[in-house]
Amino acid sequence: IRSEPITINELAEVSRRNSKIIYQEAQSLSDVSGIQIEPDDPTDFVKEYADKLDWKQETKDRAKKLCEKVKENALHSGYSPSGIAASVLYARSEIDDLGYTQKEISDVAGVTTVTIRNRYPTIMRLAPDVDQKDLASRDFEISFELIEEKFDLSLDICHQARDRAQHINVDEMSRGSSHAGIAAAAYIEAA
């Protein structure tokens with residue numbers, strides 16, 4: 001009603017109740033009262049978390065603009081607003097070379113590092129100040145596109161390489177392997 005963003009996890013922590021129960025009860029109250037509970041806007045959380053991280057206003061503004069791009073492209077749909085906000089902040093930190101770790105941002109946002117790791121590469125693609133080639137180490141699809149654009153490879157080789165890269169066994173990877181490196185190795189192996 002007051003448009004003040006708060007996560008169910010934050011309420012659960014203070015009330016010492018299970019977040020699933022709080023969610024179910026909120027849904028029941030919504031049904032009974034006729035008040036629709038709109039999902040929180042991840043942009044509100046971007047501002048809150050950026051304040052906690054003591055980011056400069058200019059960086060906060062760029063993060064909010066990136067979050068708006070995420071919403072315009074409906075990439076937030078079906079995900080927790082706090083998780084999207086954390087992923088936006090990490091993406092912005094990477095773009096601006098601020099040096100924050102996924103763990104530092106996940107601690108502020110109360111989400112897992114897995115949430116950030118799964119979402120931020122897609123979010124980074126929306127940033128207007130990022131060269132897509134710079135994202136190749138983080139995203140298989142960009143790596144594939146760059147390799148296929150540069151080399152004239154048969155469709156068979158391309159399909160084999162993509163399949164190999166996406167089904168790579170974690171034990172086969174060396175520490176620090178990038179998506180670009182794995183994709184390149186898969187193309188060499190397929191060729």
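Just the heavy atoms: all of them, side chains too, but no hydrogens, waters or symmetry mates, feed the values below. This one's a predicted model, so the numbers in the text were calculated from it and none came from an experiment.
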Decide if atom [atom1] of [X] counts as having more than 12 heavy atoms of other residues, nucleotides or ligands within a radius under 6.0 Å.
X     : atom1 : result
Gln57 : CD    : yes
Lys60 : NZ    : yes
Lys47 : NZ    : no

Below 4.5 Å, heavy atoms only, C-beta onward: do [X] and [Y] meet side chain to side chain?
X      : Y     : answer
Lys71  : Ile84 : no
Tyr49  : Ser82 : yes
Val108 : Glu48 : no
Pro42  : Val88 : no

Practice prompt. Say whether Ile22 and Leu29 are linked into one hydrophobic cluster, either directly or through other cluster members, by side-chain heavy-atom distances under 4.5 angstrom.
Written response: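 No, because Ile22 and Leu29 fall into different hydrophobic clusters, even though each may have its own neighbours under 4.5 Å.
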Decide whether Leu98 and Leu53 are clustered together by the hydrophobic rule: side chain heavy atoms of Ile, Leu, Val, Met, Phe, Trp, Tyr closer than 4.5 Å, transitively.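 Yes, because Leu98 and Leu53 connect within a single hydrophobic cluster, where side-chain heavy atoms sit under 4.5 Å apart.
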Out of curiosity, [X] [atom1] to [Y] [atom2], how far, rounded to the nearest 0.5 Å?
X      : Y      : atom1 : atom2 : result
Glu72  : Cys67  : CD    : SG    : 10.5 Å
Asp107 : Thr112 : CG    : OG1   : 11.0 Å
Arg119 : Ile123 : CZ    : CD1   : 8.0 Å
Ile105 : Glu94  : CD1   : CD    : 8.5 Å

- Could you tell me whether a side-chain N or O of Asn73 sits under 3.5 Å from a main-chain N or O of Lys69, the two making a donor and an acceptor?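 Side chain of Asn73 to backbone of Lys69: a pair is present.
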Next item on the list: Taking Ser93 for its side chain and Leu89 for its backbone only, find out whether a donor-acceptor pair lies under 3.5 Å.
Entry: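 Not at all, since once roles are kept as given, no pair shorter than 3.5 Å links the two residues.
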Can you name the closest pair of heavy atoms from [X] and [Y] and give their distance?
X      : Y      : answer
Leu66  : Ala91  : CD2-CB, 4.2 Å
Ile95  : Met124 : CG1-CE, 3.7 Å
Gln102 : Ile116 : O-CD1, 3.6 Å
Thr115 : Gly83  : CG2-CA, 3.8 Å

Exercise. Are Arg62 and Glu58 close enough, and set up right, to give a salt bridge (charged side-chain N to carboxylate O under 4.0 Å, His left out), and what steps lead you there?
Worked result: CA-CA 6 Å; Arg62 285 196 305 271; Glu58 182 183 329; 2.7 Å; yes
(Q) Below 30° counts as parallel, above 60° as perpendicular, anything between as tilted: where do the rings of Trp55 and Tyr100 land? (A)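 Tilted, since the angle between the ring planes falls between 30° and 60°.
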Next item on the list: Output, in order, the C-alpha distance, side-chain angles, deciding distance and verdict of side-chain hydrogen bond (donor to acceptor under 3.5 Å, both in side chains) for Gln27 and Asp31.
Entry: CA-CA 6 Å; Gln27 291 298 97; Asp31 292 343; 5.6 Å; no
- Is it true that Asp61 and Lys65 make a salt bridge, defined as a side-chain N closer than 4.0 Å to a carboxylate O?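 No.
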Between Thr43 and Asp41, is there a side-chain donor-acceptor contact under 3.5 Å, judged purely by atom types and distance?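 Note: Asp41 and Thr43 side chains meet the donor-acceptor criterion.
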